[in-house]
Amino acid sequence: MIEVKNLVKKYGNHVAVNNLSFNIEKGKIYGFLGPNGAGKSTTMNIITGYLAATDGQVIINGHDIFEEPEEAKKCIGYLPEIPPLYLDMTPREYLEFAADLKKIPRSERPKMFEDVAKMTGIVDVYDRLIRNLSKGYKQRVGLAQAILGYPEIIILDEPTVGLDPKQIIEIRDVIKKLGQKHTVILSTHIMQEVSAVCDEVLIIAHGQLVAQDTTSNLGQHVTGSNNVDITVKAPDYRVKAILSKMNEVKKFEIHSSTEIECVDVTVSTDMSVDIRENLFYTFAASKCPIIKMADSNMSLEDVFIKVTEGRQTDKRQTDKKK
Ligand code: ADP
Ligand code: MG
């Protein structure tokens with residue numbers, strides 16, 4: 001659906017996007033996560049045809065954004081970081097204006113406007129001046145504009161920034177609904193937003209991709225394995241004997257436990273393996289009860305800090321050399 005290949009954007013000497021490559025598949029919600037200044041907006045502006053790249057390629061549904069911008073742009077609805085709203089228009093007038101730009105046939109407009117206004121919750125403010133709307137409503141009008149024409153791909157740059165918690169939840173619900181029919185890419189620097197809304201995450205730092213995976217797999221990927229913590233009521237030699245015989249166990253580490261007569265163990269398997277039930281039955285059969293079991297993979301927050309921090313350290317080192 002979207003292929004980004006070796007994308008580079010330089011502002012003067014400053015490299016904002018550094019040889020970035022990734023693919024976006026149809027029908028999922030992608031989170032584009034990264035600290036401020038990571039290059040999220042720059043990348044989105046290039047993908048949507050608002051900004052020229054220094055080097056690299058972007059293919060949207062088979063159309064090169066630089067060579068066939070009209071065709072490529074038709075597939076995309078975009079809500080930029082600062083939505084280009086006309087403050088002296090009402091949402092109704094603004095949607096009319098956006099529909100003209102998108103060349104949406106007049107006959108389709110009434111029904112489409114009604115649907116989009118309902119979906120984004122702007123029906124109540126439809127004939128008020130955009131200037132007088134709250135930030136949350138302005139954002140919704142921007143979102144309505146992006147959805148107009150129902151493009152296959154919807155790209156949203158920090159759609160919830162500056163909104164209050166209730167508005168954030170409402171906008172996230174709209175995005176989730178969009179994800180049922182569209183491919184959505186949203187940028188954010190908020191990890192919880194990704195967990196709440198996205199199927200897949202791309203993490204970028206300093207213009208480079210540092211991780212891409214499903215939201216749930218990301219924690220495993222950094223360690224390269226699926227990890228489970230258990231507390232077993234048994235002496236460590238028995239635990240060792242049992243785990244050594246289990247084929248799926250790639251590695252285990254025994255630690256002392258705060259529980260009396262128990263040991264804590266971190267059990268690692270391949271990423272695709274879920275060993276929890278097998279652990280339960282195997283230890284039960286040996287009359288060594290597991291009294292605690294928990295997922296020991298890193299949270300999305302841990303992953304984010306780990307993958308982006310490494311890069312920052314690298315940068316500091318290169319800065320020092322200068
Ligand atoms: P993000 O959206 O992830 O916060 P941006 O894409 O806005 O990041 O910015 C990436 C880097 O490029 C930052 O270091 C920023 O300062 C720089 N940058 C962005 N826009 C411009 C510009 N128009 N001129 C010069 N530098 C820019
Ligand atoms: Mg940005």
Side-chain angles (χ1 to χ4, degrees), residues 2 4-22 24 29-58 60 65-66 76-85 135-136 138-139 142-143 145-146 153-163 167-168 171-172 175 184-198 200-212 215 218 300-301 303-322:
I2 302 181
V4 173
K5 286 185 207 157
N6 308 110
L7 197 65
V8 177
K9 178 68 189 181
K10 291 182 189 162
Y11 294 109
N13 286 331
H14 180 68
V15 183
V17 176
N18 189 356
N19 207 23
L20 187 63
S21 301
F22 60 85
I24 299 286
I29 303 182
Y30 285 83
F32 204 45
L33 186 66
N36 285 327
K40 302 182 294 296
S41 298
T42 302
T43 305
M44 291 179 138
N45 280 330
I46 295 171
I47 293 177
T48 51
Y50 277 74
L51 194 66
T54 308
D55 203 355
Q57 207 179 19
V58 176
I60 315 279
I65 189 79
F66 310 119
I76 301 179
Y78 184 33
L79 174 66
E81 195 163 30
I82 300 156
L85 297 173
K135 168 116 201 201
K138 284 191 182 122
Q139 195 72 351
L143 194 58
Q145 165 277 131
I153 304 163
I154 293 172
I155 299 185
L156 311 170
D157 195 355
E158 308 233 14
T160 59
V161 93
L163 305 186
Q167 293 169 331
I168 289 178
I171 293 278
R172 283 182 188 167
I175 295 169
V184 181
I185 309 176
L186 68 97
S187 76
T188 178
H189 59 271
I190 309 164
M191 271 81 60
Q192 293 90 317
E193 190 137 289
V194 165
S195 323
V197 183
C198 303
E200 290 231 4
V201 199
L202 300 136
I203 303 183
I204 66 164
H206 299 290
Q208 291 181 305
L209 190 70
V210 291
Q212 172 172 15
T215 314
L218 254 190
L300 202 51
E301 279 86 346
V303 174
F304 180 76
I305 297 207
K306 180 158 176 172
V307 295
T308 56
E309 230 176 27
R311 304 284 156 159
Q312 266 153 13
T313 317
D314 292 346
K315 180 151 189 301
R316 274 199 295 273
Q317 280 165 354
T318 51
D319 284 348
K320 253 186 235 159
K321 274 185 215 151
K322 276 180 205 161

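Each ligand, and each atom within it, is numbered from 1 in the order the structure gives. As a basis for the values below, the full set of heavy atoms in this structure was taken, side chains included, without hydrogen atoms, waters or symmetry mates.
- Within a 4.0 Å radius of atom 12 (O) of ligand 1, the protein contributes one or more non-hydrogen atoms.
- Closest heavy-atom approach to atom 3 (O) of ligand 1 within the set Met44, Lys9, Glu158, Lys40: this belongs to Lys40.
- Ligand 1 has no atom lying under 4.0 Å from any heavy atom of Gly34.
- Of all the heavy atoms of Glu81, none lies under 4.0 Å from any atom of ligand 1, so neither backbone nor side chain is involved.
- Between the side chain of Gln139 and the main chain of Gly136, no donor-acceptor pair closer than 3.5 Å is present.
- An N or O contact shorter than 3.5 Å links Gly37 to ligand 1 by distance.
- The distance from atom CD1 of Ile168 to atom CG of Leu163, rounded to the nearest 0.5 Å, is 6.0 Å.
- Atoms of ligand 1 lying under 4.0 Å from any heavy atom of His14, numbered from 1 in the order shown and given with element: 11 (C), 12 (O), 13 (C), 14 (O), 17 (C).
- With respect to atom 8 (O) of ligand 1, the closest heavy atom belonging to the protein is Gly39 N, 3.1 Å.
- Between Val8 and Val17 the shortest side-chain heavy-atom distance does not fall below 4.5 Å.
- Of all atoms in ligand 1, listed by their number and element, those nearer than 4.0 Å to a heavy atom of Asn36 are 4 (O).
- Taken from CG in Asn19 to CD in Gln208, the straight-line distance is 7.5 Å, to the nearest 0.5 Å.
- Remark: ligand 1 atoms within the under-4.0 Å shell around heavy atoms of Ala38 are 1 (P), 3 (O), 8 (O).
- With Pro159 as reference, Ile175 is the one residue of Ile175, Ile154, Thr188 to meet the side-chain contact (heavy atoms from CB on, under 4.5 Å) rule.
- Here's the thing with Thr42: one of its N/O atoms is less than 3.5 angstrom from an N/O atom of ligand 1.
- Lys40 places a side-chain N or O within 3.5 Å of a backbone atom of Pro35 that can act as its donor or acceptor partner.
- In this structure, atom 19 (C) of ligand 1 lies nearest to the protein heavy atom Tyr11 CE1, 3.4 Å.
- Two residues are said to be in side-chain contact when any heavy atoms from C-beta on lie closer than 4.5 Å; Ser21 and Asn6 meet this criterion.
- Checked by distance only, ligand 1 and Thr43 stay at 3.5 Å or farther apart across all their nitrogen or oxygen atoms.
- Around the Mg ion (ligand 2), the two atoms OE2 of Glu81 and OG of Ser41 are separated by an angle of 100°, to 10 degrees.
- Distance check for Met44 against the Mg ion (ligand 2): none of its N/O/S atoms falls below 2.8 Å.
- Checked against the 6.0 Å centroid criterion, the rings of Phe32 and Phe22 qualify as a close aromatic pair.
- Ligand 1 places these atoms under 4.0 Å from at least one heavy atom of Ser41: 1 (P), 2 (O), 6 (O), 7 (O).
- Test Ile171, Leu186, Ile185 against Leu156 for side-chain contact (heavy atoms from CB on, under 4.5 Å) and you get one pass: Leu186.
- To the nearest 0.5 Å, the span separating NZ on Lys9 from OG1 on Thr43 amounts to 11.0 Å.
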